[in-house]
Amino acid sequence: MSLLAELKRRRVFRALIGYGIAAFAVLQIIEPLMHALRWPDAVLGYVVVALALGFPIVVAIAWIFDVGAAPQSNLSRTRVALALAFIGVLAGAPGVAWYFVLRRPAPPQDRSIAVLPFANLGGERESAWFADGLHDELLRQISRLGDLQVISRTSVLQYKDGARNLREIGEALGVSTIVEGSVQRAGNHVRVEARLLDARRDRQLWAESYDRDLTDVFAIESAITEEIAHALHAKLSAAQTLQLARKPTQSLEAYDLYLRAIDYDQDHRPDMRPADLAISEDLFRQAIALDSSFALARARLAISLLHRFWWVAGTPRVVLEEARHETEEARRLDRDLPQTHLALGYLHYYGERHFEEALREFEAARNGAPGEALPAIAYVQRRLGKFEEAIRNLRETVPLDPRSSPLLLSLAETLEFVRRYPDAERFYNQALRITPDSDSVRIRLAHLHEKWKGERDMAKKVLLDVAPRLDPQARFAALSFVIILMWHNPPEALEVLRRVPAETFAGGRAVYPRALLAAFAHEALGDASVARIEYKRALPALEEAIRKDPRPAQYSALALDYAGLGRKKDALEAARRGLDLLPLSQDAMFGAFQLIDLALVEARVGEMEAAIRDIDDLLSRPSYLSPGLLRIDPRWQPLYGEARFRKLAEMDAAQALGSRPQVPR
């Protein structure tokens, strides 16, 4: 009691309280300061230890130097020293325990995060769908946290199976934090475990498990997202908090169908195979039938329909009208949903070619779904002639989706349009390293070599290699590039036609009857009589295609057929009609294709001056055309005798004489 009285008299406790307040203030200042100055995390640990050591010192100083103290009592010095040391250690212990035991580790300073596919512990296919769907929804929710850089699904999907080395994954994806977990579903019960980890320091930042009824799955997703936001010090606006609390649907059965549908949609199977799109769209429709207020399913259905309308030539316009209806319903139900803005943007873009309106909608989706919105913004910018801005946006998207082969293809294709061929080759090769077995990448790389160097060896090899694997019905949307290679390589084109029995080849821009492709090949090989027969055979199908779907490129195909039949007036009228429907002023990208087609028709019907003038114009602006293509595409042969053409094509008279393809023997 005498020691306690002495401590009070010497105001030791008052000194402890004052020092504690000062220490707390130092910690409040030092933590944001060290982040701003990019000091290592260890600095804060050293500060905490130093402040803790200060408590015994303060106690000792307060005892010894208190000027208001009366003459010292009869307490022994040993007892006093031990008591003071004990009090100091006891006072400093909570701070040390907080920092080294109870405190959550500080998150990494950058905001990059990858959400890995959740392990399915249920074993059954339905449980696998649920695990995949939970992963997709978490990605969607976390992407709405505007100050986080979230890696897209295509880049993390490769880590779905097999052993995981988080440090290596973090380095490969360029992220500082990783979310992983597991899902186990049994009937109407689900167990979800989730962890947030610092990939660079291999430490856990947060972990939680949830044992809930299946009806609480949306609450689980929201809870995980909020915990991740809190752990990473991400700011949640009132609107974001409200959106996280909203359930996308009240029907678990509809949600199950939605999860199955997104496994087949264009974001997850980017080759745009019509069969996959049909499965996805049917499942979305079933989900909507169970819950007509399911705005997310309606928006996703609309996007899928619009992709099919745009990429698969010959798709009827009734598909566009269904997409319009679903977009309007999604907007009525939830106009703030990022996917609603995406659907509306694609409706303006693919359905109406209103590019400025599309750009506004994609910009509105950018904060909530940057991985989807940024590429869409770039695609619209290309149409508006803003190729450098498109390249910047695509480059900005690559860190969000570093393992996405389609994204790298889009970036390489855009670089091709501005004739930055070495840069384009680098990104094509990067895509090939990611997907070494991809026919699409190899086809485009072969086409680049044609365009850049006027070399066809790679194209010939690729055509013969992929021919056995092509869709027998020729409905694969990426078939456009196969058709382009066929134009340039007539012998290999005939081999592709021999292996693919389809009567029509549906490229992205138009439907091409096999007879038209055969006519091009036979004409280039010098067999004019067979070519004329094939041109006649193709004509009814081309005229029917115009009646069904009067696309600009469909007029170009018809014009080339008329030119092959010697119908000059009809050929020029059809080609000009295609360009009128899609002029360069309206679409800087596909409008250039229409001008190329007009120049081809002009060359074939004897309008040499006009053809050369158009070629000169095309080579002076971003476009698909290049001197290399002028040299190797046999459809330009009528111009080989023109000196001005040879100058534009960078070819001499000897090259022109020896450029006719020969039938292999």
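Bear in mind the structure is a predicted one, so any value in this text is a computation, not a measurement. The first residue in the sequence is number 1, and the count goes up from there.
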#### Entry: Check against salt bridge (Lys or Arg N to Asp or Glu O under 4.0 Å), Asp437 and Arg442
CA-CA 8 Å; Asp437 298 327; Arg442 293 170 60 227; over 6 Å; no

### Task
Any chance you could lay out the side chain to side chain donor-acceptor pair (under 3.5 Å) test for Thr504 and Tyr512, step after step, and finish with the verdict?
CA-CA 6 Å; Thr504 57; Tyr512 299 91; over 6 Å; no

### Message
salt bridge (Lys or Arg N to Asp or Glu O under 4.0 Å) for Glu352 and Arg317? Distances and angles first, verdict last.
### Response
CA-CA 12 Å; Glu352 302 165 347; Arg317 292 191 67 83; over 6 Å; no

### Task
Test side chain to side chain contact (heavy atoms under 4.5 Å, CB included) on Leu619 and Leu630 and set out the steps.
CA-CA 11 Å; Leu619 292 178; Leu630 292 173; 4.1 Å; yes

### Task
Decide side chain to side chain contact (heavy atoms under 4.5 Å, CB included) for Leu598 and Phe593; before the verdict, give the C-alpha distance in whole Å, the side-chain angles of both, and the deciding distance to 0.1 Å.
CA-CA 9 Å; Leu598 175 59; Phe593 281 107; over 6 Å; no

### Query
Yes or no on side chain to side chain contact (heavy atoms under 4.5 Å, CB included) for Glu416 and Tyr428, after CA distance, side-chain angles and deciding distance?
CA-CA 11 Å; Glu416 277 188 62; Tyr428 279 134; 2.4 Å; yes

### Message
Walk me through whether Glu413 and His447 qualify under side chain to side chain contact (heavy atoms under 4.5 Å, CB included).
### Response
CA-CA 11 Å; Glu413 179 185 45; His447 179 47; over 6 Å; no

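A cation-pi arrangement is present between Arg551 and Phe309, with the terminal nitrogen or guanidinium carbon under 6.0 Å from the aromatic centre and inside a 45° cone about the axis.
Using modelled atom types, no side-chain atom of Ser155 and backbone atom of Ile151 make a donor-acceptor pair closer than 3.5 Å. Judged by distance alone, the side chain of Arg456 and the main-chain N or O of Asn489 form no donor-acceptor pair under 3.5 Å. Not one N or O on the side chain of Arg324 forms a donor-acceptor pair closer than 3.5 Å with the backbone of Ala302. Of the possible polar contacts, none joining the Asp282 side chain to the Ala278 backbone as a donor-acceptor pair under 3.5 Å is found. When atom types are taken as modelled, the side chain of Arg308 and the backbone of Leu277 share no donor-acceptor pair closer than 3.5 angstrom. Proximity of a side-chain donor or acceptor of Arg646 to a complementary backbone N or O of Tyr640 within less than 3.5 Å is detected. Put simply, the side chain of Glu450 never gets that close to the backbone of Leu485: no donor and acceptor are under 3.5 Å apart. For Arg631 (side chain) and Ala649 (main-chain N/O), a donor-acceptor pair under 3.5 Å exists by modelled atom type. Not a single donor-acceptor pair under 3.5 Å links the side chain of Thr435 to the backbone N or O of Ser438. A donor-acceptor pair under 3.5 Å is formed between the side chain of Gln554 and the backbone N or O of Val511.
With 3.5 Å as the limit, one finds a donor-acceptor pair spanning the side chains of Gln381 and Asn393. Checked by atom type, the side-chain pair Thr414/Arg382 shows a donor-acceptor distance below 3.5 Å.
Using a 4.5 Å cut-off on side-chain heavy atoms (C-beta onward), Lys461 and Glu492 make no contact. Residues Glu322 and Glu281 have side chains not in contact (no heavy-atom distance under 4.5 Å, counting atoms from C-beta outward). Side chains of Trp311 and Ser480 form no contact here, defined as non-hydrogen atoms less than 4.5 Å apart. Annotation: side chain of Leu157 is not in contact with side chain of Arg403 (no heavy-atom distance under 4.5 Å). Two residues are said to be in side-chain contact when any heavy atoms from C-beta on lie closer than 4.5 Å; Phe427 and Arg395 meet this criterion. No side-chain heavy atom of Glu356 sits less than 4.5 Å from a side-chain heavy atom of His348. In this structure, the side chains of Ser410 and Tyr379 come closer than 4.5 Å at one or more pairs of heavy atoms. The side-chain heavy atoms of Gln430 and Leu411, taken from C-beta on, include no pair separated by under 4.5 Å.
Closest of all the heavy-atom pairs between Ala559 and Val601 is CB-CG2, 3.8 Å. The two residues Leu394 and Ala378 have their closest heavy-atom pair at CG-CB, 3.6 Å. Nearest heavy-atom pair across Gln149 and Pro399 is NE2-CB, 3.9 Å. For the pair Ile391 and Arg420, the tightest heavy-atom approach, listed with the atom from each and the gap, is CD1-NH1, 3.8 Å. For the residue pair Ala519 and Glu534, the shortest heavy atom distance occurs at CB-CB, 3.6 Å. Shown here for Arg604 and Pro638, the closest heavy-atom pair between the two residues is CA-CG, 4.3 Å.
Thr315 contributes atom OG1, which lies 11.0 Å from atom CG of Leu306 (distance to the nearest 0.5 angstrom). In this structure, Arg298 CZ and Glu326 CD are separated by 4.5 Å, a value rounded to the nearest 0.5 Å. In this structure, Lys451 NZ and Leu629 CG are separated by 6.5 Å, a value rounded to the nearest 0.5 Å. In this structure, CE on Met458 lies 12.5 Å from CD1 on Ile443, to the nearest 0.5 angstrom. Between the CD atom in Gln594 and the CD1 atom in Ile596 there is a gap of 9.5 Å [rounded to 0.5 Å]. Between atom CZ of residue Arg499 and atom CG of residue Leu464 there is a gap of 8.0 Å, rounded to the nearest 0.5 Å.
For Tyr346 and Trp310, the ring centers sit 6.0 Å or farther from each other. Between Tyr624 and Phe417, the ring center distance fails the sub-6.0 Å criterion.
Of the charged side-chain nitrogens involved, at least one lies within less than 4.0 Å of a carboxylate oxygen, so that Asp439 and Arg469 count as a salt-bridged pair. Between Lys568 and Glu607 there is a salt bridge, since at least one side-chain N of the basic residue sits less than 4.0 Å from a carboxylate O of the acidic one. Under the 4.0 Å criterion applied to side-chain N and carboxylate O atoms, Asp561 and Arg567 are not assigned as salt-bridge partners. One finds no salt bridge joining Lys460 and Glu495 here, because no Lys/Arg side-chain nitrogen approaches an Asp/Glu carboxylate oxygen to under 4.0 Å. A salt bridge between Glu396 and Arg366 is present, with a side-chain N of the basic residue lying under 4.0 Å from a carboxylate O of the acidic one.
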Donor-acceptor pairs under 3.5 angstrom involving side-chain atoms of residues 538-546: please list them, not counting sequence neighbours.
residue	atom	partner	partner atom	Å
Glu543	OE2	Tyr562	OH	3.2
Glu544	OE1	Arg547	NE	3.2
Glu544	OE1	Arg547	NH2	2.7

Could you pull out every donor-acceptor pair under 3.5 Å between side chains of residues 337-344 and any protein atom, sequence neighbours left out?
residue	atom	partner	partner atom	Å
Thr340	OG1	Asp334	O	3.0
His341	ND1	Glu361	OE1	2.8
His341	NE2	Arg335	O	3.1

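Here the rule is side chain to side chain contact (heavy atoms under 4.5 Å, CB included) with Ser623, and of Val418, Leu584, Leu618 only Leu618 fits it.
No more than 12 heavy atoms of other residues, nucleotides or ligands sit less than 6.0 Å from atom CZ of Arg331.
Among residue pairs with one or both ends in residues 582-596, those qualifying as salt bridge (Lys or Arg N to Asp or Glu O under 4.0 Å) are Arg353-Asp587, Arg383-Asp587; sequence neighbours excluded.
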